[in-house]
Structure formats: C-alpha cells, structure tokens
K.L.:
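Structure in structure tokens, see below.
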Protein chains: 2
Amino acid sequence: MGANLLIRNATIVTMDAVCRIIRNGCLSVTDGVINRMGEAGDFEGLRADREIDAGGMILMPGLINTHCHSADSLFRGLVEDLLLEPWLQKVWKAEAAILNADTVRLGATLGMAELALGGVTTVMDMFWHPDQTVQAARDIGLRVSTGGIFFDGPGIDGLNHSDRMNAAEDFFQSVSGQNDVLPGTFPHGSYTVGPEHLKEAHGLAKAAGGLFCTHAAETRAEVADIQNRYGARVINHLDSLGVLDPRTVLAHCVWLDDDEIETLARTGVTVSHNPMSNLKLASGVARVPEMLEAGVCVTIGTDGAISGNDLDMWMALRLAATLHRGNTLSASAVTTEQALRMVTSEGAKALGVSDRLGSLEVGKQADMILVRVDRPHAVPMFDPMTHLVFSTAKSDVSHVFVGGKMVVENGELSEFDLTDTVAEVSGLAPDILRSIQ
Amino acid sequence: MGANLLIRNATIVTMDAVCRIIRNGCLSVTDGVINRMGEAGDFEGLRADREIDAGGMILMPGLINTHCHSADSLFRGLVEDLLLEPWLQKVWKAEAAILNADTVRLGATLGMAELALGGVTTVMDMFWHPDQTVQAARDIGLRVSTGGIFFDGPGIDGLNHSDRMNAAEDFFQSVSGQNDVLPGTFPHGSYTVGPEHLKEAHGLAKAAGGLFCTHAAETRAEVADIQNRYGARVINHLDSLGVLDPRTVLAHCVWLDDDEIETLARTGVTVSHNPMSNLKLASGVARVPEMLEAGVCVTIGTDGAISGNDLDMWMALRLAATLHRGNTLSASAVTTEQALRMVTSEGAKALGVSDRLGSLEVGKQADMILVRVDRPHAVPMFDPMTHLVFSTAKSDVSHVFVGGKMVVENGELSEFDLTDTVAEVSGLAPDILRSIQ
C-alpha cells in the first residue's frame, strides 16, 4: 500500500514521552496522519505520492505558539521605547484608526506567513475579528486557536459586551467540528475586562468545550492596579472568579508570588511565556524555573510583532532556555528538553490536543517540520535536541506540513503568493505612521 | 570617471556622528574606499564595473564582533549545561585532544564563514595558532584582530611563556603594514595568566602599537578567585598592573562594582559584551546600562560557538538591546542607537580604527553589508535603525563587502567553497565526541 507522503533519511526528534530520536529515520503519512515511523531499513519498497530526501535535516513536530496577535504585524516597529501602559495607549490609537475586517485579514495574513515560514504549525491568536484571523490561517495553511475577544471599552468592533457574547457564541458554532480551528474566548485582561464579564467569557468557553485565554500579571503596574481595584494579586483575583482551569492559557505571568505559582499548578492552567516581548517592553523576567519546579505547564509565545518586533519562535525558544540560566546563575535552570517541550508537547497540552499534536508518533496528525542542520552555523551536530534549542534559526526551516499537507517547501510558502499582501502592507504604512501622530 | 562598485536604490544607514539616513541612496567605491554617497539624483550617469540594485535593502556598515574564538566552532554543542569553571575543564580537555595547526585552521574557516554570512566584516579572535586564524579570515575575506595568546599552563602550542613572547612578537612583525589584520596580544585571563606575564603581554602590545585583549570578570567565581589570590576585584587587579588603557578590550565584564565601572571609563578601555554566552553559561547579566551611563565604550561579541552555540551577531545585538530593558524595567535602558553603535562605530573605536571603519562616510573603507527588509518578518518598516536592531535576522544579510571586495553575494560566500570544510568538520565529529569521554 502506498502513502501520501514519505520522508526518508531524516534525524527524527519525536518529542514523545521518552524523547526518542531516530537517526536515518523514515516517516510516512496517509490521510494527514503519521502511519509509520522508524529506521530506513523498515521502509524498503514503500512508495508514496510524494517522497522527500531529508538528508542533512531534522524532522520534528511543528512549533506551537501559544500567544500571538498576528494582525498586529501591521504595526511592527511603530511604537518604541515605552513601558507597556503608555505603549498600549499609542497601540490602541493606531489600532482604532487602522483596523477593520479587511486590514485585520491583511495583517493576519502577513503574520501567519511569517509564522509558517518559521516553522509554526499551530498558533493561539487573540485579536479583533477572529473570523478574519481564521481565514488568514487557512490561506497560509496553519491551525489556529482563536475566538471572541472581550474588552470593556468601545474597541474596534463597535460591539457592547452582550453583542460580543453573541459573537463569541456564533464563533464557536461557525467552526464546530473543524479540526483546523481550536476555538476559545479571549478577554483581553483583568485590567481591561471586569470580573463579571471575565466569568461570562469563561462560562461560555466551558459550555462550548473551548479554551479560555487572557493576559495576566504582565507588569508590576498591572499587579498594583488589580490590587488597588480588587484587593488581590492578579492570579488570586482570577482564581477567585473561578476562571482558572486546564482550559485556561495565561499570557506572560511575569509578576507572581510563590502562592500564585502554586495556584497555577493546582488549577492546571497553562502559562504562555513571552520572553522577547517581556524584555523589549521592560516588563520583566518571568519566574519560569520556579513555575517548572512547581509543575506548571509552561509554553512559549511570541506575542505580536508590535511588541517583539517579529514572530520568531526560535528566538523565543532560545531565550526561554538561556535567559533564566543567566538570571538565576544556574546552568540547568531550564533544561534543553524542558525548553523544547514548551514549543511542542506542552503547547499541545495547553490547547487540549495532546492526543493528536505535539509529538511525532504513529496515529498523530502529521504536523511537522524539516529543519536544515548542514549550514555553517549548524555544524557539527552532537545532540539533535541541543542543536534545535541553541543553534537553530528560523531560516533553517525548510519544509512545514500541517495534517500532512505541505505549507512551506524549501523555505517558501506553498499555498499562498504573498506578493500582493506585502505590497498592500507597505502601501498602508504611511497611514499607519500618521495614525499615532 | 567610473567606480569599481556602485550600489543604487538602498536605504543607507550610515552610523555617522548624526546617524544620517539616506532613502533611495547611492554609494560608490573606488579602490576599496567609499568615494561618493548621496541620493539617487546625484548619481545619474555614473557607471561602475559592478552595479547592484539594492531595492528592498538597507546598506549599513559591516558588523564588528569584538570577542570570538572562531576555531571553537569545531566544538559547537559539545559541552552543555555547566557553569563556566567545570565547563572550561571539559573544553580544555577537548581542545588538548583535537587542536593542532590544521584543525585550528579548519575550525576557524568554519567560524569565519558563519561570521561572514551573518554580516560580520571584522572580528577580534582569541585562539591558539593565530596565524591559522589569519589564514582562515583571509580565505573567507574578513578582517581579523588576533595575535599571540598567553596562558600559564602547557596549552596546546607546547610553548613556555618566553617562547610565547617571541611568537607574539613574530606575529606583530609578520602582519606589519597589512590592513586586514589588527594585531594584538591575547592573554587568556587574570585567573589563568599571572601578573608579570599580563604586564609583559601588555608591554609588548604597547611597544608594537597593537591591541590587548583578555577575559575579565566573567563569573562570580572568577571574582572570588582573584580576590583570594591578589586581594582585589578583577578590574582593580588589572588596573594595578597598568594594563588598562584604550588599547585594551575586556571580554564579558559581568561582575563589576561601581568603582570598577568608573575605572573602565577613566582608563578608556573597551568592554566586549557577550550576552548570549553569559546567559547560556549562567554567568550573569552585565551592567551595560550603568557602563553606558559612565561613558564606557561598550561593544558586542558572540564569544565562541562552544558557549553560544553560534556566532550570530544579530542575536547578540537584539539581546544587548532588550535584555537590560527587561532586567532594569526601563524601556530605554539601552537605546536603539546605542545598541547599533555597539556593533559598528563603537566596535571600530575599540579596535582603534574609527578613522577608516565603523560608519559609511566618504573616505572610509567600504566595509559594508546589504540587509534585506522585504521579507514577511520585516514589513512594514517605519524606522530603519529600529528595524535593524529588533526585526533583522542573520539570514537577511544578502551581500557583504570588505574594503569594497564582495565576500558574500545573495547569501552565499563569494570567495570560498565551504563544501570540503563542512565535510571535514563532520568527519572529525566522532573524534571530538570521544575526546571528552
């Protein structure tokens, strides 16, 4: 019997429970699912519609980015050298002037293209007009977790809270049964969404069997603000509202006390660690080693390119593995395996899809990437996992597959011609620049 | 009159004293020197042997890496998850087993290739067999600052201190008058080289009009060691020996007190900040904002790929610009301009060649690079300098010129076929792995 896709001659980094590595490995895919994986000798005589010789490459699970605002790529590098709070005032001004369904689609397409080219196969994305983000992800070929956004202000969608609840419910129904979308509700944060609205957004996610995502404890100023308003630290405040459970992904979590870390572990929420955004906006350095020690599910996000200023998961991975070593003076503060799990198996766990994503195993979806390891910055290679964390760059991503479908081939998008998108974004740049002046 | 090289249609980031930026800029080179630079209209009718349309690209000075051990690329990823001191024991074991003139040349060639492809045009490199490092730099086409190494142990060169002094003196003579080499003396550090030998190495550099470079204050353990041996902190110890002056480049400088920062400023030495190496080896985070505030010349190095685990100056630049924001909670702890100067004009100042390198100005050497800014991760672009620091990756480097000579064209080495080098390094990998077992 033939397969749809056969990859030969790869170093396979499976990220399964025992971190099995297969040298000179082969993997075949039928109907989007990995149906065979092993050493070259086991595959003699097997043929497939498409065969790829992956000599000089690592085959690994696609990266899972748990926090992004892909449409914000429109504003890359626009607002600089400010702390989060004054920065947000300018960002919101630009967003209000520029964003509508069309420009969200444009920006999200640009962002999704960058993500795909960098080896991301699934992204959790919080933004206005989530239906446009879904369309952009589908154009490029990625899986996306998104859904109704909540924000106790006018926002750019022109809706009030009740309308947003309806829109969020409609979103769940619109993507029901479609396994390229992992729907959820996305209230912006506890400093921008009141307690009752947070509870309602969480209740809706729970009723729909979806995810729940919000920004939390990103800056010291936010912690002081929540303390002032509600008499509690951010995580304790969220916990008191009953919105912390395994469906919850909290972005940032920089400013936590010991008790809050225990609460994260106890409630089974996921943290999306965004080191580049946190450094650039001078938000601080998250207590990642302590969270790992407590058993918290820690994953990695890029945040939007308006803070980053790119969507480079390899940079974020490298930072997650090194930053905490430098800050704690422990050379194993975050291990190589822990870092690599954050962007693969832990990412899948966060999104409730460990049964089908996050590692390369027979029976799982073929969300996977080929990474070149034969360039001057990448030889020699002694240990493939060390290599992926500390020597690999986004430009080493050669091929990207989502559910067995090829999305990137030899470093170029397979499914979408981005020429018009780049031209439109560049054409919009003068308006964007004027929007904050 | 025709030029040798004419670049049209670039966004020129000059890094001159006022950070002049020329949109739709042209630059021409004759005999390795920039002889004309301005807007497109000024260049009508000018012809050159080679013309490059740099639409969608930034033209900027080549990057100057002030701390590297390029031949250590042989050991990339070999020794992991250790603090500097136990890590060095394993590194030295591997070096002793593997290194000779041929393998230094091999490793240095690999390292120089990676540096060139990443946009570095000048590198300060400390290693055994500096003549081999010079040959490797020449094969690839880079400028290099290197010279006699000092180490109060057997080392891999089999020489005693007196022989090393002679070898260092010979090195100065061998490169005299050759402007692709900036010679110096390179004692390893104050914990591996005694006071008298440090003074002698500095005296030789001074007599020859060369540079002086050593590791300093990299870890807390080193500070304690020097305190214990000499009753002084590292910078005070070096100052007491009279080896701190403008010819001196101190790598790392992580653990400094206020008084030592003042000493660095007063003596006019250069600091080479190596953020990736310092994070990965859990050495700590250098006090870069305080050093800048005190007026210290701060530059950037990658360190060797054995600690890094690559030679990516863009990663180091991004870290230098963001790490200290995150750690000090100040969004302007290191400004965009300060960061970009560290890898260009301050790098040139450190090496005593500000008159001819470090910025794009008429009369200066044409050490310059073209950087693509039209890829999905790099649009839109509002401010070119912001873009270079926060959105550019090594893979965006398209062309590299050293003294007007093209070293990299469209992301590929122009002067050297690396195929055999990569094959030889891969062939040596099993021996390297065995060397630490």
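Every chain is numbered from 1 and lettered A, B, ... according to where its sequence line falls, protein lines coming before strand lines.
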K.L.:
Can you name the closest pair of heavy atoms from Phe382(A) and Phe75(B) and give their distance?
P.N.:
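Minimum heavy-atom contact is CE1-C, 4.2 Å.
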
K.L.:
Does the distance from a Lys or Arg side-chain N to an Asp or Glu carboxylate O, for Arg318(B) and Asp310(A), drop under 4.0 Å?
P.N.:
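Yes, this pair counts.
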
K.L.:
Could you name the residues of residues 427-437 of chain B that have a heavy atom within less than 4.5 Å of a heavy atom in chain A?
P.N.:
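Expected list: Ala429(B), Ile432(B), Leu433(B).
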
K.L.:
Given that the side chain runs from C-beta out, which part of Leu311(B) has a heavy atom under 4.5 Å from chain A: side chain, backbone, both or neither?
P.N.:
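Neither part; nothing is under 4.5 Å.
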
K.L.:
What part of Asp374(A) is in contact with chain B, defined as an atom under 4.5 angstrom from a non-hydrogen atom: side chain, backbone, both or neither?
P.N.:
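Interface part for Asp374(A): backbone (N, CA, C, O).
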
K.L.:
Return the set of residues passing side chain to side chain contact (heavy atoms under 4.5 Å, CB included) with Ala108(B) (not counting sequence neighbours), or none when no residue passes.
P.N.:
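With sequence neighbours excluded, Ala108(B) shows a side chain to side chain contact (heavy atoms under 4.5 Å, CB included) to Ser70(B), Ala71(B), Thr133(B), Ala136(B), given in chain and number order.
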
K.L.:
As an exercise: rank Ser395(A), Ser391(A), Gly77(A) by heavy-atom pairs under 4.5 Å with chain B and give me the winner.
P.N.:
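If we count pairs closer than 4.5 Å to chain B, Ser391(A) comes out on top.
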
K.L.:
Non-hydrogen atoms of chain A under 4.5 Å away: do they reach the side chain of Ala378(B), the backbone, both or neither?
P.N.:
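For Ala378(B), the backbone is the part near chain A, not the side chain.
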
K.L.:
Run Leu329(A) and Leu83(B) through side-chain contact (heavy atoms from CB on, under 4.5 Å) and show every step you take.
P.N.:
CA-CA 8 Å; Leu329(A) 309 185; Leu83(B) 293 175; 5.6 Å; no

K.L.:
Heavy-atom pairs under 4.5 Å with chain B - which of Val422(A), Asn327(A), Thr335(A) has more of them than the others?
P.N.:
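Looking at each of Val422(A), Asn327(A), Thr335(A) in turn, Asn327(A) comes out on top.
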
K.L.:
Heavy-atom pairs under 4.5 Å with chain B: which of Leu84(A), Leu74(A), Thr421(A), Leu115(A) has the most?
P.N.:
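Counting heavy-atom pairs under 4.5 Å, the top option is Leu74(A).
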
K.L.:
Checking Arg220(A) against chain B: side chain, backbone, both or neither under 4.5 Å from a heavy atom?
P.N.:
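Contact with chain B is through the side chain of Arg220(A) alone.
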
K.L.:
What distance separates Ser426(A) OG from Met381(B) CE, expressed to the nearest 0.5 Å?
P.N.:
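If we round to the nearest 0.5 Å, Ser426(A):OG and Met381(B):CE are 9.5 Å apart.
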
K.L.:
For Leu78(A), which atoms come within 4.5 Å of any heavy atom of chain B: side chain, backbone, both, or neither?
P.N.:
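Contact with chain B: backbone and side chain both.
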
K.L.:
Quick check on Leu319(A) against chain B: is it the side chain, the backbone, both or neither that has a heavy atom closer than 4.5 Å?
P.N.:
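For Leu319(A), side-chain heavy atoms alone lie under 4.5 Å from chain B.
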
K.L.:
Can you confirm whether Phe390(A) sits close enough to Glu80(B) that some side-chain heavy atom of one is under 4.5 Å from a side-chain heavy atom of the other?
P.N.:
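Result yes, sub-4.5 Å side-chain heavy-atom pair found.
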
K.L.:
Any idea which heavy atoms bring Thr336(B) and Asp81(A) closest together, and the distance?
P.N.:
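Closest approach of Thr336(B) to Asp81(A): OG1-OD1, 4.1 Å.
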
K.L.:
Among Ala113(B), Gly118(B), Gly284(B), which residue forms the greatest number of heavy-atom pairs with chain A at distances under 4.5 Å?
P.N.:
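Ranked by contacts with chain A, first place is Gly284(B).
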
K.L.:
Report which part of Ala321(A) has an atom under 4.5 Å of a heavy atom belonging to chain B: side chain, backbone, both, or neither.
P.N.:
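Answer is neither: Ala321(A) stays 4.5 Å or more from chain B.
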
K.L.:
Keeping the roles fixed (side chain from Arg76(A), backbone from His377(B)), state whether a donor-acceptor pair exists under 3.5 Å.
P.N.:
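Judged by distance alone, yes, a pair lies under 3.5 Å.
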
K.L.:
Heavy-atom pairs under 4.5 Å with chain B - which of Leu110(A), Asp383(A), Val425(A) has more of them than the others?
P.N.:
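Most heavy-atom pairs within the cutoff with chain B belong to Leu110(A).
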
K.L.:
Could you state the interatomic distance from CE (Met315(A)) to CE (Met315(B)), rounded to the nearest 0.5 Å?
P.N.:
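Result: 5.0 Å between the selected atoms.
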
K.L.:
How far apart are the closest heavy atoms of Leu279(A) and Arg325(B), and which atoms are they?
P.N.:
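Shortest heavy-atom contact: O-CB, 3.2 Å.
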
